[in-house]
Structures are given as structure tokens and as C-alpha cells.
Amino acid sequence: MDPDRYSTLIEMLADRSERNADRTAFTFQDQPVTFGEMWARINRFAQHLLDLGIAPGERVLMALPNGPEFFSGFYGVQRAGGIAVPVFPGAGADRVFAIAKLCGADKVIVPSAISGEQLALIREQAADHSLSILLLSKYKDADADGPFPEVQPDQVAFLQYTSGSTGNPKGVMITQANLMTNIRQMIEGMEIVPEDIFVSWLPVYHDMGLILKTMVPFCLGAVSYTHLRAHETKAN
């Protein structure tokens, strides 16, 4: 598939789901997820956000580890017209809430696998910051009828926060057009072809693991295996 045909990530995934619905988009812990399944999950979560009244360009924080939920949340936010803000899921509540304040987010997505005790605690803490906590598992059976807002190339797709090691974390605004240009450059410069097989243990909440290891194979329809890093399974 010619990557030049796409102007946004959402257009790319919609086309993949239409042309290659039964093709595996990625495999996580030996469980394959097809483009059709991923797109349906994206649309269901996007519909839920629209039902909540998400505003165009609204920031939604994502404290999610590698896994299928990340893609549902990351692209679901964009599908609804919002801006995804992925952060290290083990950063701790204080850092997550601080970044939410920096970017003006009032919604935070957390892993569905979180324990009831942890969820109650983080919801109590979030309430003090006027934040809503969302779990994607609650909306897996939601309708996804739309209509959805049309995503434009110049819209910000996500904010990539710096580590903050030498100062306060700063959010880098990355547009849909930025990402599609980067994807095309990687494919051309590294001579990547659809027959290549991708295996990654890198975190998808940061740029290399996200763009090179997932967006590029999604664009090409290449085989992709995404793994969870061991330290991400530990509670923080």
C-alpha cells in the first residue's frame, strides 16, 4: 500500500479496516488483533468520548502500558477529535496529575486490569484535581454509530511529553501531517516493505516504539508483534 495515499492516521486505519479487515494488525502476548477488530474498538471508545461531550482539540491523558487498550485509547481520542497525551503508566499519580494540569486535560485513561483497591484510590485522588478516570473495558460493548468529526492533517494528533530531567516536562505538539511525513521518511529511508516482520519490546507511549514499531507496520500492513516490558507489570 502506498503510504502517500494517506493524510492522517485515522484515514490510514479506516482504509486498512475496509480493505484488510481480517488481516492481523498486531499480535500481543500471542493474541492477534485484526485491523477490523482494532478499528471497531477505536470507534466504540470514540463514540463514548463524544457521548461525554469531548470538545474538538480536548486533551485526554493516557496512562496505559503496551497492549490492545493503548491503541483503542490513542486512536479513539483522535477519532473523536481530541488530542491523546500518552504518559509512562508507572509514573505515579502525582506526575500523571501534574501533566494533566500542564496540558489542561480533565480525563485520564487507566488500565482496565487495575485492581479495585487501586482504582478506588486513584479515583479519590483524581477527584481532588477535578479529573475523571476512564477504563476502556467499560465501553467495549458500546455502539459506534457516529457521526465522527473529520480529522484534518493540520490537527494535533498527540502531545509527546519530554522526560523533565532538566526542567518541567514540556508537551511537543505532533500533528497528523507530521506523523504521516515521518512514517513515509522511515519507510523510504530504511527501505521497509510490507513483507518485513516487526518485533518490539519498546514502550508504545513514547516516540520510537509508537511511530516506527506500530504506525509504520500499520501503514504497510506488515506483521507486528508488540510485547510488554517486564517492569511495566509491577504496581507503582
**Request:** Would you please test F198 and V216 for side chain to side chain contact (heavy atoms under 4.5 Å, CB included) and show each step?
**Result:** CA-CA 9 Å; F198 288 72; V216 167; 3.9 Å; yes
**Message:** Using side chain to side chain contact (heavy atoms under 4.5 Å, CB included), reason through L9 and L179 one step at a time and then give a plain yes or no.
**Reply:** CA-CA 8 Å; L9 296 171; L179 290 166; 3.4 Å; yes
**Prompt:** Where do I133 and L135 land on the side chain to side chain contact (heavy atoms under 4.5 Å, CB included) test, with the steps shown first?
**Reply:** CA-CA 7 Å; I133 300 299; L135 284 81; 4.3 Å; yes
**Item:** Worked verdict on Q47 versus N43 for side-chain hydrogen bond (donor to acceptor under 3.5 Å, both in side chains)
**Value:** CA-CA 6 Å; Q47 183 63 63; N43 285 337; over 6 Å; no
**Request:** List the steps and the verdict of side chain to side chain contact (heavy atoms under 4.5 Å, CB included) for V60 and I109.
**Result:** CA-CA 8 Å; V60 179; I109 309 171; 3.9 Å; yes
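The same ILVMFWY cluster, assembled from side-chain heavy atoms under 4.5 Å apart, contains both M208 and M180. Under the 4.5 Å side-chain contact rule for hydrophobic residues, V223 and I187 do not share a cluster. Put simply, L134 and L121 are part of two different groups of oily side chains (I, L, V, M, F, W, Y) that touch within less than 4.5 Å, one to the next. In this structure, L212 is a member of the same hydrophobic cluster as F28, with clusters built from ILVMFWY side-chain heavy atoms closer than 4.5 Å. I54 and V151 fall within the same hydrophobic cluster, where Ile, Leu, Val, Met, Phe, Trp and Tyr residues are linked whenever their side-chain heavy atoms come under 4.5 Å apart, directly or through other members.
Scanning all heavy atoms of the two residues, the minimum distance from Y161 to H206 falls at O-NE2, 4.4 Å. Closest approach of V96 and A91 over heavy atoms only: CG2-CB, 4.4 Å. Nearest approach of P203 to N66, heavy atoms of both residues: CA-OD1, 3.4 Å. The two residues Y6 and R184 make their nearest non-hydrogen contact at O-NH1, 3.3 Å. Counting all heavy atoms, side chain and backbone alike, L61 lies closest to A105 at N-CB, 4.2 Å. The minimum heavy-atom distance between G57 and I83, with the atom names listed, is O-CD1, 3.4 Å.
In this structure, V204 and F71 have side chains that are in contact, with non-hydrogen atoms separated by less than 4.5 Å. With a 4.5 Å cut-off on side-chain heavy atoms, P32 and F26 do not count as touching. Between V110 and I122 there is a side-chain heavy-atom pair separated by less than 4.5 Å. Side-chain contact check for E58 versus K107: some heavy-atom pair is nearer than 4.5 Å.
In this model, no donor atom of one side chain and acceptor atom of the other lie less than 3.5 Å apart for Q176 and E11.
The backbone N or O of L202 sits less than 3.5 Å from a side-chain atom of S200, completing a donor-acceptor pair. Remark: the backbone N or O of L131 is not paired with any side-chain donor or acceptor of D106 at under 3.5 angstrom. Remark: the backbone N or O of T34 is paired with a side-chain donor or acceptor of E37 at under 3.5 angstrom. Between the side chain of S17 and the backbone N or O of A14, at least one donor-acceptor pair lies under 3.5 Å. At least one donor-acceptor pair under 3.5 Å links the side chain of R16 to the backbone N or O of L220.
With sequence neighbours excluded, the residues forming a ring pair (Phe, Tyr, Trp, His ring centres under 6.0 Å) with F70 are F74, listed by chain and number. Checked against ring pair (Phe, Tyr, Trp, His ring centres under 6.0 Å), Y75 has no partners two or more places apart in sequence or in another chain. In this structure S115 satisfies the side chain to side chain donor-acceptor pair (under 3.5 Å) test together with Q118, sequence neighbours excluded.
Between F148 atom CZ and R79 atom CZ the span is 5.0 Å, to the nearest 0.5 Å. S224 contributes atom OG, which lies 12.5 Å from atom CE of M215 (distance to the nearest 0.5 angstrom). Between C219 atom SG and I211 atom CD1 the span is 12.5 Å, to the nearest 0.5 Å. Atoms CE and NZ, from M186 and K213 in turn, are 10.5 Å apart once rounded to the nearest 0.5 Å. The line from OG of S72 to CH2 of W39 is 11.5 Å long, rounded to the nearest 0.5 Å. To the nearest 0.5 angstrom, D94 atom CG is 11.5 Å from I99 atom CD1.
Ring geometry for F218 versus F35: interplanar angle over 60°, hence perpendicular rather than tilted (30 to 60°).
Counted within 6.0 Å of CG on D128, heavy atoms from surrounding residues, nucleotides or ligands total more than 12; the atom is thus considered enclosed. The number of heavy-atom neighbours closer than 6.0 Å to CG of D154, taken from other residues, nucleotides and ligands shown, is above 12. With a 6.0 Å radius and a threshold of 12 heavy atoms from other residues, nucleotides or ligands, Q152 has its CD atom above the threshold.
Remark: E69 does not engage R41 in a salt bridge, criterion side-chain N to carboxylate O under 4.0 Å.
Checked against the 6.0 Å centroid criterion, the rings of F88 and Y205 qualify as a close aromatic pair.
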